[in-house]
Number of protein chains: 2
Amino acid sequence: MNVKKTRTPRGKRDSTDAEAGTGDAQTTPPNSRTLQKEATRAAILQSALLIFSERGFDGGSTRDIAAHAGVHHALIKYYFGSKDTLWRAAVTFLFERQAAEMSFEPPAAAATAKSRLSRRDHAREILRQYVLYCARHPEHARLMMQESLRDSERLQWAADTFISGTASRAERFVQMLQREGVLPDVSVPALVYIIVGSAQLFYTLAPEVRRVWGIDPADEAVTAAHVEALLAVLVR
Amino acid sequence: MNVKKTRTPRGKRDSTDAEAGTGDAQTTPPNSRTLQKEATRAAILQSALLIFSERGFDGGSTRDIAAHAGVHHALIKYYFGSKDTLWRAAVTFLFERQAAEMSFEPPAAAATAKSRLSRRDHAREILRQYVLYCARHPEHARLMMQESLRDSERLQWAADTFISGTASRAERFVQMLQREGVLPDVSVPALVYIIVGSAQLFYTLAPEVRRVWGIDPADEAVTAAHVEALLAVLVR
DNA sequence: AAACTCATTATACAAATGGTTAATCAAAGC
DNA sequence: GCTTTGATTAACCATTTGTATAATGAGTTT
């Protein structure tokens with residue numbers, strides 16, 4: 001990461017490339033200062049995602065996060081208030097990005113495709129999108145897993161704020177597939193965790209996969225093989 | 001946990017129930033002292049399993065482990081040398097217990113049953129045993145997962161010492177099922193992680209499952225439903 | 001160019017943590 | 001009963017960690 005604004009003595013930034021993204025209108029044209037502020041905040045958030053996802057909330061120190069982002073650790077309080085708030089901001093970022101990149105529940109949205117694609121093909125496409133998301137952003141599952149394997153106030157907050165909604169969409173998705181005969185008529189929560197587990201684990205445990213199997217889940221070909229395997233097993 | 005030997009002033013134990021397990025022979029009859037030593041060591045190890053599995057290596061402090069075991073934290077050095085050695089002892093315990101409780105690879109061992117049970121039924125039985133193991137000892141997958149989602153010296157050690165062997169057995173198991181037409185002819189590593197993930201996640205994320213779905217994976221009925229779902233999906 | 005804002009840094013502090021050492025004290029051996 | 005052994009405890013240390021506060025200085029405004 002590292003903001004590394006080609007620092008002059010202290011936090012001075014070279015305003016050469018500062019005027020890059022003037023996409024917005026009216027609302028006060030972004031100063032080099034507000035731009036830099038945004039960059040610093042984003043750098044901290046991204047570093048927090050990485051550190052928290054690999055070491056957990058307790059294991060990841062704010063100083064490590066700041067160092068990885070190339071900023072002073074006091075800026076974490078300045079921008080996010082506390083370690084806890086930073087963690088919540090990271091989780092919020094993850095779920096909002098997921099919502100933006102993936103419409104897990106297009107059973108209704110992509111209804112137009114229903115005519116051309118069979119329900120089975122439709123299920124395949126959704127699952128494929130989900131696996132690709134897991135491959136693209138493995139830190140999402142990693143960070144959430146760190147919190148979900150023990151009960152805590154953070155898990156409670158995440159469950160109420162984000163996980164429950166995602167779970168509801170997954171539940172409807174599974175029930176739809178059951179009605180269509182794609183999935184067997186068994187426990188829905190079990191099916192959800194079977195699908196999620198079989199899609200996620202290969203990427204959350206990528207370090208183990210590399211070391212034990214000598215392949216890299218980040219490789220496109222490897223991911224393609226995983227998608228093929230998952231679809232062959234799940235969608236009968 | 002808590003050793004809690006009904007302590008008199010200091011580490012004194014009531015020798016009433018001390019002579020409980022005199023099963024062994026010759027090799028110096030277990031003193032009340034050696035018995036207590038074994039109990040203390042076991043208590044520390046069990047507490048380490050719990051704490052490490054829930055908070056990870058960095059997040060779990062030796063003082064918390066000692067407190068949970070009801071002993072002084074200096075005893076961790078006395079019995080295990082260091083936090084790192086304690087962690088390795090915990091991992092060793094996990095894999096040895098797994099080997100004792102589960103013969104994941106009876107494709108050859110239980111060959112006698114091949115005559116009575118079909119290969120498909122045999123696969124079902126193995127998978128069922130594995131799910132039940134995950135349900136019985138969720139801390140195994142939790143603790144290993146904590147280490148496997150980032151590369152470290154500990155992961156390297158665990159991979160070389162235990163995971164590789166388990167992976168080989170799983171690989172042979174999957175290949176056998178492929179030959180029998182139970183599993184599709186796709187990437188073996190992908191299949192392994194699909195199977196493991198669909199079996200484990202429901203129990204490693206039990207706190208999330210309880211909170212989000214209102215069911216407890218530790219319930220026998222819930223586990224039975226999960227086994228049914230897993231077999232319905234995986235064994236065609 | 002001077003005054004002002006505020007993003008950034010320096011510094012401090014109490015608590016927690018892994019590790020170490022010496023003291024203690026009950027059990028084992030004589 | 002007395003000594004020895006060793007499991008347990010107390011006290012200590014250096015480091016890390018989250019948080020807080022004041023100083024600083026570059027960018028903005030007038």
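The shown structure was predicted, so the numbers you read here are calculated from the model rather than taken from an experiment.
Proximity of A/Lys83 to the phosphate of D/dT19: no side-chain N or O atom is located under 4.0 Å from OP1 or OP2. In this model, the phosphate group of C/dT8 is approached by a side-chain N or O of A/Gln36 to a distance below 4.0 Å at OP1 or OP2. Put simply, A/Ser82 has no side-chain N or O that comes within less than 4.0 Å of OP1 or OP2 on D/dG18.
Checking D/dT21, C/dT21, C/dT8 against the side-chain heavy atoms of A/Ala74 singles out D/dT21 as nearest. Closest to the side chain of B/His73, out of C/dT20, D/dT21, D/dT9, is C/dT20.
Taking the six-membered ring where the residue is Trp, B/Trp213 and A/Tyr193 present perpendicular rings, their angle passing 60° and hence far from 30°. Classified by interplanar angle (parallel below 30°, tilted 30° to 60°, perpendicular above 60°), the ring pair B/Phe57/B/Phe52 is parallel.
Whole-Å rounding puts the B/Lys77 NZ to D/dT9 P distance at 17 Å. One atom, CD1 of B/Ile76, and another, C1' of C/dT17, lie 12 Å apart when rounded to the nearest Å. One atom, CG of A/Leu75, and another, P of C/dA10, lie 11 Å apart when rounded to the nearest Å. Straight-line distance from the CD1 atom of A/Ile65 to the C1' atom of D/dG18: 11 Å, rounded to whole Å. Atom C1' of nucleotide C/dC6 and atom NZ of A/Lys37 are separated by 8 Å, given to the nearest angstrom. Computed from coordinates, the A/Leu35 CG to D/dT28 C1' distance equals 14 Å when rounded to whole Å. As a whole-Å value, the separation of A/His72 NE2 from D/dG18 C1' is 13 Å.
B/Arg142 pairs by the side-chain hydrogen bond (donor to acceptor under 3.5 Å, both in side chains) definition with nothing, not counting sequence neighbours. Listed by chain and number, the residues in a salt bridge (Lys or Arg N to Asp or Glu O under 4.0 Å) with B/Glu147 are B/Arg154 (sequence neighbours excluded).
Here the CZ-OG distance, from A/Arg55 to A/Ser61, works out to 7.0 Å after rounding to the nearest 0.5 Å.
Side-chain polar atoms of B/Tyr133 and B/Gln200 form no donor-acceptor pair below 3.5 angstrom. B/His137 and B/Glu101 form a side-chain donor-acceptor contact under 3.5 Å, judged by distance and modelled atom types alone.
Proximity of residues 52-64 of chain A to DNA chain D (heavy atom under 4.0 angstrom from any strand atom) is restricted to A/Gly60, A/Ser61, A/Thr62, A/Arg63.
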